[in-house]
Amino acid sequence: MNPLMATRAYAQAQGTGGATAGAATGGGPDFSQLLSNVMGDMTQQTRAAETNMTQAVQGQGSMIDVVTSISSAEASLQTVIAVRDQVISAYQEIMRMPI
(Lines give C-alpha, C1' and ligand atoms only; values in the text may rest on other atoms or scores of the structure.)
Protein backbone atom coordinates (compact mmCIF):
# COMPACT_ATOMS: atom_id res chain seq x y z
CA MET A 1 0.00 0.00 0.00
CA ASN A 2 1.54 3.27 -1.06
CA PRO A 3 0.96 6.60 0.73
CA LEU A 4 -1.66 7.67 -1.82
CA MET A 5 -3.71 4.53 -1.25
CA ALA A 6 -3.41 4.96 2.51
CA THR A 7 -4.60 8.55 2.20
CA ARG A 8 -7.59 7.49 0.12
CA ALA A 9 -8.50 4.74 2.59
CA TYR A 10 -8.25 7.18 5.47
CA ALA A 11 -10.39 9.75 3.66
CA GLN A 12 -12.96 7.08 2.83
CA ALA A 13 -13.10 5.96 6.47
CA GLN A 14 -13.52 9.55 7.60
CA GLY A 15 -16.24 10.15 5.03
CA THR A 16 -18.31 7.21 6.30
CA GLY A 17 -18.00 8.27 9.92
CA GLY A 18 -15.13 5.96 10.83
CA ALA A 19 -14.93 2.21 11.04
CA THR A 20 -17.08 1.79 14.16
CA ALA A 21 -19.85 4.09 12.99
CA GLY A 22 -19.89 2.47 9.55
CA ALA A 23 -20.10 -0.98 11.06
CA ALA A 24 -22.82 0.06 13.51
CA THR A 25 -25.06 1.67 10.88
CA GLY A 26 -24.46 -0.87 8.14
CA GLY A 27 -23.06 1.78 5.77
CA GLY A 28 -19.49 1.73 4.51
CA PRO A 29 -17.38 -1.23 3.49
CA ASP A 30 -16.99 -4.28 5.69
CA PHE A 31 -13.65 -5.60 6.90
CA SER A 32 -13.45 -8.46 4.40
CA GLN A 33 -14.08 -6.03 1.54
CA LEU A 34 -11.28 -3.76 2.76
CA LEU A 35 -8.90 -6.73 2.98
CA SER A 36 -9.93 -7.88 -0.46
CA ASN A 37 -9.25 -4.41 -1.88
CA VAL A 38 -5.80 -4.27 -0.26
CA MET A 39 -4.93 -7.72 -1.62
CA GLY A 40 -6.16 -6.74 -5.08
CA ASP A 41 -4.08 -3.56 -5.02
CA MET A 42 -1.01 -5.51 -3.92
CA THR A 43 -1.51 -8.03 -6.73
CA GLN A 44 -1.98 -5.24 -9.27
CA GLN A 45 1.19 -3.46 -8.15
CA THR A 46 3.18 -6.70 -8.26
CA ARG A 47 2.00 -7.37 -11.81
CA ALA A 48 2.87 -3.81 -12.82
CA ALA A 49 6.37 -4.28 -11.40
CA GLU A 50 6.76 -7.54 -13.34
CA THR A 51 5.59 -5.85 -16.54
CA ASN A 52 8.07 -2.99 -16.05
CA MET A 53 10.90 -5.45 -15.42
CA THR A 54 10.03 -7.38 -18.58
CA GLN A 55 9.97 -4.19 -20.62
CA ALA A 56 13.33 -3.11 -19.18
CA VAL A 57 14.89 -6.46 -20.04
CA GLN A 58 13.60 -6.10 -23.60
CA GLY A 59 15.09 -2.61 -23.79
CA GLN A 60 11.70 -0.87 -23.92
CA GLY A 61 11.43 0.39 -20.36
CA SER A 62 13.17 2.72 -18.00
CA MET A 63 15.12 1.59 -14.94
CA ILE A 64 13.50 4.38 -12.95
CA ASP A 65 10.06 2.92 -13.67
CA VAL A 66 11.29 -0.53 -12.64
CA VAL A 67 12.72 0.69 -9.34
CA THR A 68 9.61 2.77 -8.59
CA SER A 69 7.20 -0.06 -9.32
CA ILE A 70 9.24 -2.58 -7.31
CA SER A 71 9.37 -0.18 -4.38
CA SER A 72 5.61 0.33 -4.55
CA ALA A 73 4.98 -3.42 -4.73
CA GLU A 74 7.31 -4.01 -1.78
CA ALA A 75 5.54 -1.38 0.35
CA SER A 76 2.20 -2.92 -0.56
CA LEU A 77 3.41 -6.39 0.41
CA GLN A 78 4.76 -5.10 3.73
CA THR A 79 1.37 -3.56 4.47
CA VAL A 80 -0.41 -6.84 3.76
CA ILE A 81 2.05 -8.70 5.99
CA ALA A 82 1.56 -6.17 8.81
CA VAL A 83 -2.23 -6.51 8.58
CA ARG A 84 -1.93 -10.30 8.58
CA ASP A 85 0.27 -10.19 11.68
CA GLN A 86 -2.22 -7.94 13.48
CA VAL A 87 -5.14 -10.21 12.57
CA ILE A 88 -3.27 -13.26 13.84
CA SER A 89 -2.32 -11.43 17.02
CA ALA A 90 -5.94 -10.39 17.62
CA TYR A 91 -7.13 -13.96 17.01
CA GLN A 92 -4.59 -15.35 19.47
CA GLU A 93 -5.63 -12.77 22.07
CA ILE A 94 -9.30 -13.73 21.64
CA MET A 95 -8.44 -17.41 22.00
CA ARG A 96 -6.66 -16.68 25.32
CA MET A 97 -9.74 -15.03 26.82
CA PRO A 98 -11.54 -17.07 29.46
CA ILE A 99 -15.05 -18.18 28.59
Side-chain angles (χ1 to χ4, degrees):
M1 178 177 261
N2 62 27
L4 181 60
M5 290 172 40
T7 304
R8 273 191 251 146
Y10 179 75
Q12 183 181 17
Q14 292 301 314
T16 60
T20 56
T25 62
D30 62 353
F31 183 68
S32 64
Q33 186 180 18
L34 288 173
L35 285 179
S36 177
N37 290 344
V38 169
M39 290 296 294
D41 290 342
M42 189 235 5
T43 303
Q44 181 181 11
Q45 289 180 356
T46 302
R47 287 185 181 151
E50 290 172 353
T51 301
N52 286 339
M53 284 188 291
T54 302
Q55 289 175 349
V57 167
Q58 294 172 350
Q60 300 171 351
S62 151
M63 268 319 237
I64 294 171
D65 291 339
V66 172
V67 172
T68 303
S69 61
I70 289 174
S71 176
S72 178
E74 182 181 10
S76 183
L77 179 62
Q78 288 174 353
T79 300
V80 169
I81 290 171
V83 169
R84 180 208 60 190
D85 292 345
Q86 289 298 317
V87 168
I88 290 171
S89 175
Y91 175 78
Q92 289 173 341
E93 186 67 28
I94 290 170
M95 294 306 293
R96 280 187 238 138
M97 289 182 179
I99 296 177

> Any pair with a residue in residues 55-70 that passes side chain to side chain donor-acceptor pair (under 3.5 Å), sequence neighbours left out, goes on the list, sorted by first then second residue, please.
N52-S69

> Donor-acceptor pair, T51 side chain versus R47 backbone, under 3.5 Å?
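Side chain of T51 to backbone of R47: a pair is present.
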
> Could you pull out every donor-acceptor pair under 3.5 Å between side chains of residues 87-99 and any protein atom, sequence neighbours left out?
residue, atom, partner, partner atom, Å
E93, OE1, R96, NH1, 3.1

> Using a 4.5 Å cut-off on heavy atoms from C-beta on, say whether the side chain of Q33 contacts that of D30.
yes

> According to a 4.5 Å side-chain heavy-atom criterion applied to Ile, Leu, Val, Met, Phe, Trp and Tyr, with indirect links allowed, do I70 and M63 form part of one hydrophobic cluster?
yes

> Taking the side chain as every heavy atom from C-beta outward, state whether E74 and L77 have any atom pair closer than 4.5 Å.
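The answer is no; the side chains never approach within 4.5 Å.
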
> Quick one, V80 and V38 - any side-chain contact, counting heavy atoms below 4.5 Å?
yes

> Can you tell me if T43 uses its side chain to pair, donor with acceptor, with the backbone of M39 under 3.5 Å?
yes

> Please report the interatomic distance OG(S71) to CD(Q45), rounded to the nearest 0.5 Å.
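Nearest 0.5 Å value for the OG-CD distance: 9.5 Å.
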
